[in-house]
Amino acid sequence: DVKVTQSSRYLVKRTGEKVFLECVQDMDHENMFWYRQDPGLGLRLIYFSYDVKMKEKGDIPEGYSVSREKKERFSLILESASTNQTSMYLCASSLSTEINSPLHFGNGTRLTVT
Amino acid sequence: AQSVTQPDIHITVSEGASLELRCNYSYGATPYLFWYVQSPGQGLQLLLKYFSGDTLVQGIKGFEAEFKRSQSSFNLRKPSVHWSDAAEYFCAVGGTDSWGKLQFGSGTQVVVTP
């Protein structure tokens with residue numbers, strides 16, 4: 001079974017802090033994604049990566065950056081956290097960019113910015 | 001632009017009763033449609049998907065969905081709900097040109113009463 005592991009289940013950070021959310025997958029998947037989940041808004045794509053060192057903006061990239069130095073790891077970075085970034089963050093991976101390649105999700109990181 | 005609408009934010013159903021969750025989509029090319037389920041504290045799990053062919057697709061946990069091109073709909077159904085089906089359900093759409101990215105709906109929360 002594919003395992004997507006997000007390093008933290010809960011995080012509490014202060015406004016202005018630099019925040020790192022880490023995600024690791026163990027199945028040699030090419031694609032990795034970061035989504036943000038908010039009530040009533042569903043999942044919105046922040047960034048995705050289809051290869052090491054490659055990244056593409058999703059629908060809501062403002063205030064975020066990403067890093068993918070190794071195939072198995074995809075990090076989401078909040079350069080200066082703000083209260084409107086309080087949310088649930090979900091990482092996902094898929095084998096390839098083919099649409100029939102299913103997404104595998106981690107359990108999420110609930111970030112609170114105070 | 002692609003979009004997914006789930007008109008029902010919240011549905012309450014009695015255990016043993018039938019369930020239908022609505023999903024309408026807008027997509028410029030041939031849509032690939034998905035239903036995901038998120039149990040409390042968990043990531044999303046794929047229930048079923050539609051790519052082509054038979055418009056009635058079967059998924060895991062006894063769920064099925066019907067694709068109706070004329071109505072731009074992909075509704076999810078289950079004939080008899082179990083208490084363990086209490087969760088949030090997300091419809092999603094993508095295409096062969098989407099690099100594996102999916103557009104998610106806002107979700108429907110299902111509550112199951114005894």
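Lettering of chains follows the sequences in order, A, B, ..., and the numbering in each one begins at 1.
You'll find the side chain of F34(B) stays beyond 4.5 Å of the side chain of V4(B), heavy atoms only. Using a 4.5 Å heavy-atom cutoff, the side chains of F104(B) and L44(B) are in contact.
For a residue to count as touching a neighbouring chain, one of its non-hydrogen atoms must lie under 4.5 Å from one of that chain's; by this rule L90(A) touches chain B with the side chain only.
Residue with the most contacts toward chain A among G107(B), G105(B), G95(B): G95(B) (heavy-atom pairs, distance under 4.5 Å). Ranked by heavy-atom pairs under 4.5 Å with chain B, the first of L45(A), L41(A), L103(A) is L103(A).
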Put together the list of donor-acceptor pairs under 3.5 Å connecting chain A with chain B, please.
{"residue": "R9(A)", "atom": "NH2", "partner": "G41(B)", "partner atom": "O", "Å": "2.8"}
{"residue": "N31(A)", "atom": "ND2", "partner": "W99(B)", "partner atom": "O", "Å": "3.3"}
{"residue": "Y35(A)", "atom": "OH", "partner": "L102(B)", "partner atom": "O", "Å": "3.4"}
{"residue": "Q37(A)", "atom": "OE1", "partner": "Q38(B)", "partner atom": "NE2", "Å": "3.2"}
{"residue": "Q37(A)", "atom": "NE2", "partner": "Q38(B)", "partner atom": "OE1", "Å": "2.7"}
{"residue": "T97(A)", "atom": "O", "partner": "G100(B)", "partner atom": "N", "Å": "3.1"}
{"residue": "L103(A)", "atom": "N", "partner": "Y36(B)", "partner atom": "OH", "Å": "3.4"}
{"residue": "N107(A)", "atom": "OD1", "partner": "G43(B)", "partner atom": "N", "Å": "3.2"}

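Residues satisfying the side-chain hydrogen bond (donor to acceptor under 3.5 Å, both in side chains) test with K70(A), not counting sequence neighbours, are none. In terms of the side-chain hydrogen bond (donor to acceptor under 3.5 Å, both in side chains) criterion, S67(A) has no residue partners (sequence neighbours excluded).
The CZ atom of F105(A) sits 9.5 Å away from the CG atom of L46(B) when rounded to the nearest 0.5 Å. Here the CD1-CG distance, from I60(B) to L48(B), works out to 8.5 Å after rounding to the nearest 0.5 Å.
Side-chain heavy-atom separations under 4.5 angstrom define the hydrophobic clusters, and V12(A) shares its cluster with no other residue.
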